[in-house]
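Quick notes on the structure that follows.
Just so you know, these numbers come straight off a predicted model, no measurement behind them. One is the number of the first residue; the rest follow in order along the sequence.
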Amino acid sequence: MKYKPEEVIFHREECQAMMAEMRSKDYPLLVKKEVVGTAPLVHRRPNPYTKDGKALVSFVVAGKEIKNNIRQAVDLLGGFDKSIKTQDRILLKPNFNSDDPPPGSTALDFLAAVVELLREHGYSHIVVGEGSGRPWVPSEKVFKNAGLLSKMAEMKVPLLDFDKSRFLNVPIAGEYLDLIAYPKDLESFDKIVYLPTMKTHYLAGFSMSLKLTVGMTHLVDRTILHGDNNMFVAQRAVEMSIPIKPDLIIMDGRISFVSGGPSCGLAVHPGVILASGDPVALDVQGIRLLQNYAAVNHLTGDAWHLPQ
């Protein structure tokens, strides 16, 4: 979908109709949920990036050297080695919910720069893993269309397609969710690094680091996410993140949606890179940055009072 630069109103109904039309009607993972068991899968380590008991969030104005910008953002926190050890098996979780260009999906230059930086710091066990959204699956098609498949092959980085994983039911015990299935492959990693884009989401308010965990869940459970006529997408998305907290988050805010999202909307260019070890702290700062732009969106008022 294309919008004129002067438009500030997101065409919600048109976008909904477009996604409904493209959604697969017979993709197996949308039809049936199969799991290999139930287990208390938990990846939640203490945040090493703190000062005086408060979570740190770094902020760098991005220039032409994106790798240097990312390095600066992480160094401002204290460096990679505060959260990752040389021998760690690392999962990078980008945002390829769809194959739309950034900020609809993760920019390939951003992802490549993170991989290169990790390798330069001596980390060799790196895997990229993702599962695309309901209207766009199969994920393999999204990976191919977005250029992710060829880029990871070029960089010799294993690409984990969560569509092809075995799933475990994990107890959530939340207010909105009971059991949610996650890939059993998550048990194979020591550290998880999130690489979200900074953008609004027309149902969840915003999609940054908290909501990135949704891309790890079974597609049938994402139907539950959108239950009750989408009234509790924000709350359910956060409860899906209960079992998993990333060890490090690096967010690309060079281009962002300030209305619409997650795949299409009104884009602006904040031109920033943010990093943190705390998804809540990082998302609050991302929201405050987006609130500087005039747009019809869901980010009015105090960031702490939004449902997510």
Side-chain angles (χ1 to χ4, degrees), residues 41-47 49-50 54-59 77 83 91-97 103-106 129-133 162 170 172-177 180 182 186 191-217 221-222 224-226 230-253 256-258 260-263 265 272-291 297-308:
L41 187 153
V42 176
H43 184 100
R44 297 193 68 89
R45 293 177 174 82
N47 176 17
Y49 301 110
T50 61
K54 295 183 178 180
L56 294 173
V57 179
S58 65
F59 174 105
L77 293 178
S83 61
L91 174 66
L92 298 183
K93 170 62 174 73
N95 185 342
F96 286 93
N97 183 58
S105 61
T106 296
E130 176 63 309
S132 302
F162 291 144
V170 178
I172 301 296
E175 184 178 348
Y176 298 88
L177 300 173
I180 296 295
Y182 301 82
L186 296 180
K191 300 295 168 62
I192 298 175
V193 177
Y194 276 11
L195 303 176
T197 55
M198 189 171 76
K199 58 186 175 182
T200 53
H201 188 293
Y202 80 104
L203 292 173
F206 60 94
S207 179
M208 299 184 199
S209 60
L210 280 170
K211 196 175 181 299
L212 201 67
T213 308
V214 173
M216 295 180 173
T217 61
D221 288 335
R222 295 190 220 178
I224 299 171
L225 174 73
H226 291 276
N230 294 308
M231 287 178 60
F232 305 108
V233 172
Q235 294 91 332
R236 286 176 174 141
V238 173
E239 290 199 351
M240 284 181 168
S241 74
I242 287 174
I244 301 168
K245 185 185 82 65
D247 301 280
L248 174 63
I249 311 153
I250 310 168
M251 183 159 71
D252 189 355
S256 301
F257 289 141
V258 288
S263 58
V272 296
I273 301 295
L274 288 82
S276 184
D278 187 301
V280 175
L282 183 135
D283 284 7
V284 165
Q285 296 306 320
I287 290 163
R288 288 172 174 169
L289 284 169
L290 294 187
Q291 287 178 328
N297 58 41
H298 299 275
L299 302 180
T300 55
D302 186 351
W304 292 102
H305 295 160
L306 294 173
Q308 274 200 65

task: Give a yes or no on whether the backbone of G301 and the side-chain of Q291 come within a donor-acceptor separation of less than 3.5 Å.
output: yes
message: Apply side-chain contact (heavy atoms from CB on, under 4.5 Å) to residues E130 and L92 and explain how you reach the verdict.
response: CA-CA 9 Å; E130 176 63 309; L92 298 183; over 6 Å; no
message: Any non-hydrogen side-chain atom of P196 less than 4.5 Å from a side-chain atom of N95?
response: no
query: Within a strict 4.5 Å, meaning less than it, do heavy atoms of the L91 and M216 side chains meet?
result: yes
message: What verdict does the side-chain contact (heavy atoms from CB on, under 4.5 Å) test give for K93 and V193, after you've listed the backbone C-alpha separation in whole Å, the side-chain angles of each residue and the deciding distance to 0.1 Å?
response: CA-CA 6 Å; K93 170 62 174 73; V193 177; over 6 Å; no
query: Looking at side-chain heavy atoms only, is the closest gap between L290 and I287 below 4.5 Å?
result: no
message: What's the separation between atom OG1 in T300 and atom CG in L306, rounded to the nearest 0.5 Å?
response: 7.0 Å
task: Starting at CD1 of I249, measure out to CG of L274 and round the result to the nearest 0.5 Å.
output: 10.5 Å
Euclidean distance, S241 OG relative to I172 CD1, rounded to 0.5 Å: 8.5 Å
message: Is it the case that the side chains of S276 and Y49 hold a donor-acceptor pair, with the cut-off being a distance below 3.5 Å and no angle test?
response: no
task: To the nearest 0.5 angstrom, please state how far the NE2 atom of H43 sits from the CD1 atom of I192.
output: 4.0 Å
query: Are the side chains of H201 and K211 in touch, meaning some heavy atoms are under 4.5 Å apart?
result: yes
- request: For S256 and M198, indicate whether the former's side chain and the latter's backbone hold a donor-acceptor pair under 3.5 Å.
  value: yes
message: Looking at every heavy atom in both S58 and L77, which two are closest together, and how far apart are they?
response: N-CD2, 3.8 Å
field: Atom pair OG1/CG of T50 and N47 - distance to nearest 0.5 Å
entry: 6.0 Å
- prompt: Does a side-chain heavy-atom distance below 4.5 Å link P262 with K199?
  reply: yes
task: Kindly indicate whether the side chain of M208, heavy atoms from C-beta on, has any atom under 4.5 Å from the side chain of M251.
output: yes
message: Could you check whether any side-chain N or O of Q308 sits under 3.5 Å from a backbone N or O of A204, counting only pairs where one atom can act as donor and the other as acceptor?
response: yes
Name the atoms and distances for all side-chain donor-acceptor pairs under 3.5 Å in residues 278-286, with sequence neighbours left out.
unit_1, atom_1, unit_2, atom_2, d
D278, OD1, V280, N, 2.9
D278, OD1, A281, N, 2.9
D283, OD1, S209, N, 2.9
D283, OD1, S209, OG, 2.7
D283, OD2, S209, N, 3.4
D283, OD2, L210, N, 3.0

- prompt: Does a side-chain heavy-atom distance below 4.5 Å link N97 with S132?
  reply: no
query: Is any side-chain heavy atom of L195 closer than 4.5 Å to a side-chain heavy atom of D252?
result: no
- request: Can you see which heavy atom on L177 is nearest to which on R236, and at what distance?
  value: CD1-O, 3.4 Å
message: So, taking the atom named CZ in F206 and the one named OG1 in T200, what distance separates them when rounded to the nearest 0.5 Å?
response: 11.0 Å
- prompt: Please walk me through it: do N230 and L225 pass side-chain contact (heavy atoms from CB on, under 4.5 Å)?
  reply: CA-CA 8 Å; N230 294 308; L225 174 73; over 6 Å; no
task: Examine distances only and state if a side-chain atom of R288 and a backbone atom of A303 form a donor-acceptor pair shorter than 3.5 Å.
output: no
task: State, to 0.1 Å, how close H226 and V233 come at their nearest heavy-atom pair, and which atoms those are.
output: ND1-CG2, 3.9 Å
message: Donor-acceptor pair, distance only, cut-off 3.5 Å: does the side chain of R45 make one with the backbone of D247?
response: no
query: Looking only at atom types and distance, does a side-chain atom of T197 sit under 3.5 Å from a main-chain N or O of P103, one as donor and one as acceptor?
result: yes
Derivation and outcome, side-chain contact (heavy atoms from CB on, under 4.5 Å), residues I244 and Y182: CA-CA 10 Å; I244 301 168; Y182 301 82; 3.9 Å; yes
